[in-house]
Amino acid sequence: MKRWAIKGLVTLAVVVALCMFFSGTIKTISTAKVKLVTAKQGKLEEEIKLSGQLTFPQTEDIRIEGLSDDQSVTIKRVRVAKGRHVEAGDVLFEAEVSGCESAMKTLRDEIETAQQELLELERKNGELRLRRTEEMWVEAYDALTEARTAQIEAQTKLAVAATLAGVTLEDGALPEDVEDEELLSLAQAVEDAQKKAEEAQSSFTSINRLGISEEVVTYVTSSREKTEKIRQAQEKLTELAVLSQKVKEVVAPHEGYIVEINVENGGSYDGKAAAIVMSAEDSDGVLRADTSELSRSIDEGTQVTVERSNGKTLNKKVTGSGIDADGKNYVDVALSTRDISNLGGGATLLSEPVSMVANYRAASSTTLLPTSAVRGSGDSRYVYIVNEESNALGNRVLKIAKQDVKVLAEVGSVASIENDLSRQRVAYMEDRAISEGSEVMLYAQ
């Protein structure tokens, strides 16, 4: 009996051991295996690819000043190309005033003719001697001419200002209800000029009654006319000669880059638009990148790597941002002259875009998790939090609980979560489907 009892106890122990073994094996087989990640706080980082174009925010128009409405120049040779870097004094283009020689000959002929006429007038009136009354007449005549000219100029200024201000003059004067100080000041100038003209007219009329010789009147007026004609022709001749010399070689006023060229060899230019546009003095070029399609804001100071197809790279920072004429957001990366040269030169950078990578870093810390640990789609996103509990046998087991979360951004394998899940363990990469309340276990190490 004793032997049988011992055998029975041994058999029972074996059976119990087998039951416990197979029970653990069945549980291992039937329980989902998961990986755990502990949520941590941090700032989301991302490499954002951008395309930059060399731009010069501040430019200067190079044009030929002094051309009248009926004048133009012919471009003989353009000496620069778009994107070229120039120094102060470098020749931009060569030109000549169209019809210059013919116009100068016409003016010289006018001067010669007027001088001959003036000499002839002096010859014919060589014996003429002006009396004091006649000298007074000449003085009064000049004063009246000057006063009337000043009156016309004052009236013209008032008419222009009134028209621009939307005010209608009444018989050349302002309506009584006008309070604009500028218009009132111009109106006062008209009154003053009119008063002086009336005084000059009165003086001239009084002196004119003294009986001035017609011969004297003819001589004085003719002499003044021919002298003025010579003066005007000489002035035009001087202006044309200066202009002719000035356009022979149009030079860069300062160091900079050629941004636009609006003239060509053999073409005509009238001075109304810029012949050449170059970067403004002491201004930098920038690589400007369109950011209007980005969901994130790239702040000033963000690190940027500029990449060229030839393998050259440059580490810079965002130096500014704004909105362009088309309403698109952009960021700028300032480039020095040396930077532009290292990246291939101005001509290359103006003709083709440049690849850039901005190292974005969120401004504030959030909860960071692997994207595979965040479930759902759209606005319905959640994670499975792992909690340690005791089962009916008193053993410690792992169970999951669903928690809704708000995803702020996903960059590669990292998701930024608005919810604070600090030190919480999150289940992911399970080997089978799991749901709220499921018991899980870790993959074997």
Side-chain angles (χ1 to χ4, degrees), residues 52-104 107 235-288 306 308 310 314 319-320 324-325 330 332-354:
Q53 189 75 47
L54 178 60
T55 304
F56 294 92
Q58 296 176 305
T59 58
E60 179 178 342
D61 291 347
I62 307 299
R63 65 181 75 204
I64 296 176
E65 304 291 346
L67 288 174
S68 61
D69 292 339
D70 59 346
Q71 280 182 323
S72 64
V73 300
T74 299
I75 306 300
K76 296 179 65 177
R77 182 184 178 190
V78 178
R79 298 277 293 272
V80 292
K82 184 176 179 180
R84 176 179 166 182
H85 181 264
V86 295
E87 299 290 342
D90 284 354
V91 178
L92 303 178
F93 61 91
E94 301 168 3
E96 61 182 6
V97 180
S98 303
C100 180
E101 290 302 321
S102 175
M104 293 183 78
L107 289 170
E235 187 176 288
K236 290 181 180 178
L237 186 62
T238 300
E239 291 176 352
L240 192 56
V242 170
L243 180 63
S244 178
Q245 290 297 318
K246 187 168 64 174
V247 304
K248 279 187 175 181
E249 289 187 340
V250 177
V251 301
H254 52 76
E255 176 189 6
Y257 284 89
I258 304 302
V259 179
E260 284 181 28
I261 299 177
N262 300 319
V263 292
E264 59 183 3
N265 294 343
S268 179
Y269 172 70
D270 59 11
K272 292 182 173 60
I276 285 178
V277 178
M278 65 179 294
S279 58
E281 187 173 10
D282 297 327
S283 66
D284 290 326
V286 300
L287 283 178
R288 178 161 292 179
V306 183
R308 292 290 296 147
N310 59 10
L314 198 65
T319 53
D324 64 16
Y330 66 81
D332 285 340
V333 175
L335 298 179
S336 65
T337 300
R338 183 175 180 179
D339 292 334
I340 293 175
S341 177
N342 288 339
L343 291 172
T348 300
L349 296 181
L350 282 172
S351 63
E352 59 185 50
V354 179

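All residue numbers in this chain count up from 1 along the given sequence.
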Just wondering, do [Y] and [X] contact through their side chains at under 4.5 Å, heavy atoms?
X    : Y    : result
S351 : K82  : no
I64  : F93  : yes
M104 : L237 : yes
D284 : L335 : no
N265 : K76  : no

Full working for side chain to side chain contact (heavy atoms under 4.5 Å, CB included) between V97 and V247
CA-CA 7 Å; V97 180; V247 304; 4.0 Å; yes
Nearest atoms (heavy-atom pairs only) where [X] meets [Y]:
X    : Y    : answer
F56  : L350 : CE1-CD2, 4.4 Å
I261 : V80  : CD1-O, 3.5 Å
T74  : S98  : OG1-OG, 3.1 Å
A252 : V86  : CB-CG2, 3.9 Å
Y269 : I62  : OH-O, 4.4 Å
R63  : A274 : NH2-N, 3.9 Å

Give a yes or no on whether the backbone of [Y] and the side-chain of [X] come within a donor-acceptor separation of less than 3.5 Å.
X    : Y    : value
D90  : V251 : no
D332 : A334 : no
N262 : I276 : no
S341 : T337 : no
S102 : G99  : no
D339 : S336 : yes

One pair to check against side chain to side chain contact (heavy atoms under 4.5 Å, CB included): L349 and V354. What are the steps and the verdict?
CA-CA 7 Å; L349 296 181; V354 179; 3.5 Å; yes
State which residue, out of D324, V286, L287, fulfils the side-chain contact (heavy atoms from CB on, under 4.5 Å) condition with T55.
V286
Answer yes if the side chains of [X] and [Y] hold a donor-acceptor pair under 3.5 Å, and no otherwise.
X   : Y    : result
H85 : E255 : yes
T59 : S279 : no
S68 : Q71  : yes

Pick one: which of E87, E60, E281 meets side chain to side chain donor-acceptor pair (under 3.5 Å) with H254?
E60
Can you tell me how far CG of L243 sits from CD of E96, rounded to the nearest 0.5 angstrom?
11.5 Å
Can you tell me how far CD of E260 sits from CG of D61, rounded to the nearest 0.5 angstrom?
8.5 Å
If you count every heavy atom of other residues, nucleotides or ligands that lies below 6.0 Å from K246 atom NZ, does the total exceed 12?
yes
CD (E264) with more than 12 external heavy atoms under 6.0 Å:
no
May I ask you to decide whether R79 forms a salt bridge with E94, counting only side-chain N to carboxylate O separations under 4.0 Å?
yes
Side chain to side chain contact (heavy atoms under 4.5 Å, CB included) evaluation trace for L240 with C100:
CA-CA 7 Å; L240 192 56; C100 180; 4.1 Å; yes
Residue pair L343, T348: steps toward the side chain to side chain contact (heavy atoms under 4.5 Å, CB included) verdict:
CA-CA 8 Å; L343 291 172; T348 300; over 6 Å; no
